[in-house]
Each structure stands twice: as C-alpha cells, then as structure tokens.
Amino acid sequence: MATTETMTLNMGPQHPSTHGVLRLVLELDGEVVVKVTPHIGYLHRGVEKLSEHRTFHQILPLTDRLDYLAPMSNNLGYILAVEKLMGVEVPERAETIRIIMAELTRLQSHLVWIACHALDIGAMTVFIYAFRERETIMEIYELISGARMTSNFFRVGGLSQDVPDEFVRKVSDFIDVMPEYLDQYEGLLTTNPIWLKRTVGNGVISADDAIDIGLTGPALRGSGVDWDLRRDNPYGGYEKYQFKVPVGENCDTFDRYKVRLVEMREAIKIVRQGLDKLKPGPVLADYPQVCYPPKENVYNSIEGLIHHFKIASEGFPAPEGEVYQSVEAPKGELGFYIVSDGGNKPERLRIRPPSFVNLQAIEQMTVGSMIADLVAVIGTLDIVLGEIDR
Amino acid sequence: MAENNRAVLKLKEKFAASIIDVVEFRGEVTVTVKKDSIIDILTFLKQSLQYNLLTDLTAVDYLGKKEERFMMVYQLYSIPNKDRLRIKSPVAEADCSIPTATKVWATANWLEREVYDLFGIIFDKHPDLRRILMTDDWVGHPLRKDYPLQGPDREPYKGRLS
C-alpha cells in the first residue's frame, strides 16, 4: 500500500504575498494546508525598550515606524495616551485636523490593503489605481508635515504647526473625487467572478472564535460583531461625528472586503464633516509645562527659546500612574499602555499592535484550505510587519 | 469611583481574600490580585461579567522599586458593556512563573509567548512556550531593566556627542 506523508514548505520571509518579512512554515498534504507556523520578529527594533530611555516627546517619531502605512493613526494613539496621563485639553482646531488626518490615514491604509490584496489574488489593475489615489494622500501628508510617511506631525497638546492654506482645498478636492474611484474598484472586483471565487467562503472565522482569538477592527466586524471604538468608546472628539459602522454576515474574506470598502466611504464622510467644522484658532494647548512653545516665540524671545530648550532636552515629568488608551486604527485596536513612575520617561510603554493579535488567527482561518487561499487570508488580515515586530 | 465599579463589587464579594489593591486613575480601574487565583478571577470575569475580549496581556519590570519584581497586566474589555478593566498580578523573581491564560482566551497564546521572550516569565502549562520576536538561541530577556539598551557586550550609550 502506498503511504503518503506531508511536506514542509517554507514561505517567506522574502515572498511577495507575505507583505513584508513574514515567514510561514507550512505543512502541506498535496496543496492542502495542514499546519501553519508563523515566524515573526525579523523587523524587531525594540521600540518598547527604546521608549523607556526617551522623554515623552522623543518617543513620538518612533511610533511613525510601527504601522508605516498608517503613521498618523499611530501618532494619534500615542499622543492621546500621553494627553490622558497629563490631563491636557486639546484646542478644537487641532482636534478636528487630527480627525481629518486620521481618517485620511484610514483611507490610505485601506488603499494599500485593497491594492495588495487584489494583486495577491491576481487582479493587477486595482493595484495601479489604488496607488494613484494613495499618492494624493501622501501629497497631503507632505504638504502639512513635510514627510510622506514618517509624519511626526501631532504633538502632545495639539499639532506641531498649523496646516497651510491649500490644505482645505486639496483635501476637499480629493474627497470629492474619491467616491467615484471607490466605485471603480467595486466595478472591478465586487461582481468579478474570479474575485468572488477566491474570496467568498474563504478564511471563515465565526464571531465567537474571532473574539476568543482577539481579532479587532474590520476583521472582527467582517465576522458580524458590531463594535467600533470610534463609536463605542469615543476618543479625540469622535463623538461629534456621524458615521455608520459596517458589519459583515458571512465571516469570510468577501465580507471583510465589503466592510473595508464601506469604511472607506464612511471615512470620506467623516473628513467632509471635519472640513465643515474647521474654524480658525490655536492648534496647540496653552499648557507650558508640557507643550512646546509656538515657533515665533522660540525665534523671537529668549523666554521662548529657554522654554523650547527645556521641553526638548528634559521633557516634562508625568504624574505617577498608568493609563491605557486605544484608538481604532485602520487595522484594529491600537493601544498604548503607559506606566509612569513620576519621571520624564515612561517606566514602561507597551504597544498593543492590532496586526500582531490578528495574525494569530491565520492558523484557524487557513487549515484545511489550499495554499492559494492562504495568500488571500494574509491579504484579508491586512498585516503590517512593522507593528507586529515593533 | 473604583469602589462602585460593578466588576470590583463582584470581585470583592467573591474573591475578597485574593484582592491586594483597587486603584482608579484617570477613569481607569485597576485591580491587583494574587497570582494563585488569577485564572479563577479571569475566568469569572469572562463568564459572569462579560469581559469577553482580552485586549492585551503584558508585564512590567519594577527592578529595585517593588518587592516583587514583575507585574503581569491583563487589559480586559467587554464588548457588550463597552467598558474596560485592568487586572494586575505581581510575580516574584524567585518564582518567575504564572499560570497560563490560554485556556480562557486563545489570544493569550502569542501575547504570553512575547512576555516569556522579552521578560522571561514562565507560563505554566502554556501549549507552545517558545520565543517569538527574538531568535530561538537568544540569551537574555531584552525588556528586563537589567538588560542593557545597546544589547550585550557593547559599550553603554553615553548620550549624543553633538
């Protein structure tokens, strides 16, 4: 009698569909996946360790480099945690700009997701289209922060600077055309028979299993759990905005695709509401113990210069205590847990990355399916190795 | 106030002997409990009080600052009630282990592996306790306070020269 045995195959860390340096050791029975063992850590830079040796202001640039496809969401999560610890109130204009940028970031991250997800499955056109739109968001990033990816734009208590005058026009031009582009993507994918064959019924995970394994964000909503931190535990002024939270039904890759597409449309609505709310005013809180002084004071007065020097070199002492603040990042719940011992550096900074926890579900979602379906599951989980490895 | 929190009231009723401390700071309730009953408490919170999502699991190293060196931190969230609760449990360096929470939440698997990797805390009966971020042959646990920032065998960082 012929015997069969399983084959062990190494996928990644240099594989185009693993979205970075993810290595999967697969055990295969023919083309059917029997076991998946992810190996991560290739991008581990010790951000949490480094943070213990930096002042609260100096940690901010490190957060850009976690989920590098959504830098401003990371900035927002960290800044909100520090503001909660310090008890800082943010001026309204800064709050509104933060929300506009956080939602543009969500669009940007989802654009990369749809581009790569479709490319992995073989639909190349969407990739080219989505990256075209992402470029506009990058230009907006560059306009306000000077950088296309590592924005480092928010500050404790507000923003590093006010946005230039073209900002409103540029953002509103973009959100005017964006719904049409979304229609284009949907036209290419939603009714495409190949797309449906590859995504419907793929990577199924029930709501209970999804909660048990800790999925958050669109991946959890795709399984039918109606939960969004922006609506249920509003932070940073989200309580003033109206938006719908899309929820899937069939717990599969196609539903997660639909959820993310609706989220993009809702993000556009939030940006529009934000632009309507945008009124002139200060963008940095008047809280000199914590916040940087305005630049014109630094350049024109000795007091401002001393103030800037003190904040930049010593930082500020934080009260003793611990806070946890999370935001609905494009990929799920991004949390920052700060333990302060009363010094100017955190005793411990823990980053709760959504991708890390979501990736854990890969085994449950793929065992028993084909390798090609595994590729679709990696796409639908929307992972970024920068925040998994930290 | 923390004393009126529904979870704290129930916990005080049921696990009075295990609770070390209840603190509220910036609207967040933290309950510190003894590690012997940690799994019972987590199970009770999940099953009876609907804290169904383990958001995060991590540790803090209080080297030289507290009697028991490590503190395990569990961030719980209740999706039906939309509220958070933080459970902490001290772990002594001499007996650097705590029962695993993987039986309560599957999420705990990788999160505990990470704590094991970076802090060296052993999780009893964990199904797959391997390093996760560092390589398998790595020596030491980088997030411990006595682990040098620059890594082993290197000159300590003396600040920027310019």
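Note on naming: letters A, B, ... go to the chains in the order of the sequence lines (proteins, then strands), and numbering restarts at 1 for each one.
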Exercise for the section: Kindly check if the number of other-residue, nucleotide or ligand heavy atoms within 6.0 Å of NZ (B:Lys10) is above 12? Expected result: no

Problem - Greatest number of heavy atom pairs closer than 4.5 Å to chain B - which of A:Leu85, A:Asp389, A:Thr216 - result: A:Leu85

Practice task
Can you establish whether the number of heavy atoms outside A:Glu89 located under 6.0 Å from its atom CD is more than 12?
Solution key: no

Practice task
Select, from B:Val60, B:Leu54, B:Leu57, B:Thr30, the one with the greatest count of heavy-atom pairs under 4.5 Å involving chain A.
Solution key: B:Val60

Fill in the blank from the handout: Of the listed A:Leu229, A:Val225, A:Val323, A:Leu43, the one with the largest count of heavy-atom pairs under 4.5 Å with chain B is A:Val323

Problem - Test: B:Asp36 and B:Lys34 ion pair at under 4.0 Å - result: no

Fill in the blank from the handout: Residue from A:Glu347, A:Arg390, A:Glu322, A:Lys84 scoring the most non-hydrogen pairs under 4.5 Å with chain B is A:Glu322

Exercise for the section: With chain B as the partner chain, list the residues of residues 333-342 of chain A whose heavy atoms fall under 4.5 Å from it, by residue number, and write 'none' if nothing qualifies. Expected result: A:Glu333, A:Tyr337, A:Val339, A:Asp341

Exercise for the section: Can you tell which part of B:Arg144 gets under 4.5 Å to a heavy atom of chain A, answering side chain, backbone, both or neither? Expected result: backbone

Exercise for the section: Give, as side chain, backbone, both or neither, the part of B:Arg131 having an atom under 4.5 angstrom from any heavy atom of chain A. Expected result: neither

Practice task
Could you look at B:Asn109 and say if it's the side chain, the backbone, both or neither that has a heavy atom under 4.5 Å from chain A?
Solution key: both

Practice task
Under the ring pair (Phe, Tyr, Trp, His ring centres under 6.0 Å) rule, collect the residues that match up with B:Tyr51, sequence neighbours excluded.
Solution key: none

Practice task
Go through the atoms of B:Leu111 and report whether side chain, backbone, both or neither lie under 4.5 Å from a heavy atom of chain A.
Solution key: both

Fill in the blank from the handout: Residues of residues 205-212 of chain A with a heavy atom under 4.5 Å from any heavy atom of chain B, in residue-number order, are A:Ile211, A:Asp212

Exercise for the section: Taking heavy atoms only and a threshold strictly under 4.5 Å, list by residue number the residues of residues 358-366 of chain A that touch chain B; give 'none' if the list is empty. Expected result: A:Leu359, A:Gln360

Problem - Part of B:Tyr77 within contact of chain A (heavy atom distance under 4.5 Å) - result: side chain

Problem - B:Glu67, CD: over 12 other non-hydrogen atoms inside 6.0 angstrom - result: no

Practice task
Examine whether an atom of A:Ser51 lies under 4.5 Å from a heavy atom of chain B, and if so say whether it belongs to the side chain, the backbone or both; otherwise answer neither.
Solution key: neither

Problem - Interface residue of largest heavy-atom contact number with chain A, from B:Lys46, B:Arg130, B:Lys88, under 4.5 Å - result: B:Lys88

Completion exercise
Checked B:Leu149, B:Val104, B:Asp83 vs chain A; the most non-hydrogen pairs under 4.5 Å come from B:Leu149

Handout entry: Contacting moiety of A:Leu220, where chain B heavy atoms sit under 4.5 Å
Key = side chain

Practice task
Check each atom of B:Val73 against the heavy atoms of chain A and say whether the ones under 4.5 Å are side chain, backbone, both or neither.
Solution key: side chain

Problem - Under 4.5 Å from a heavy atom of chain A, the part of B:Thr135 involved - result: neither

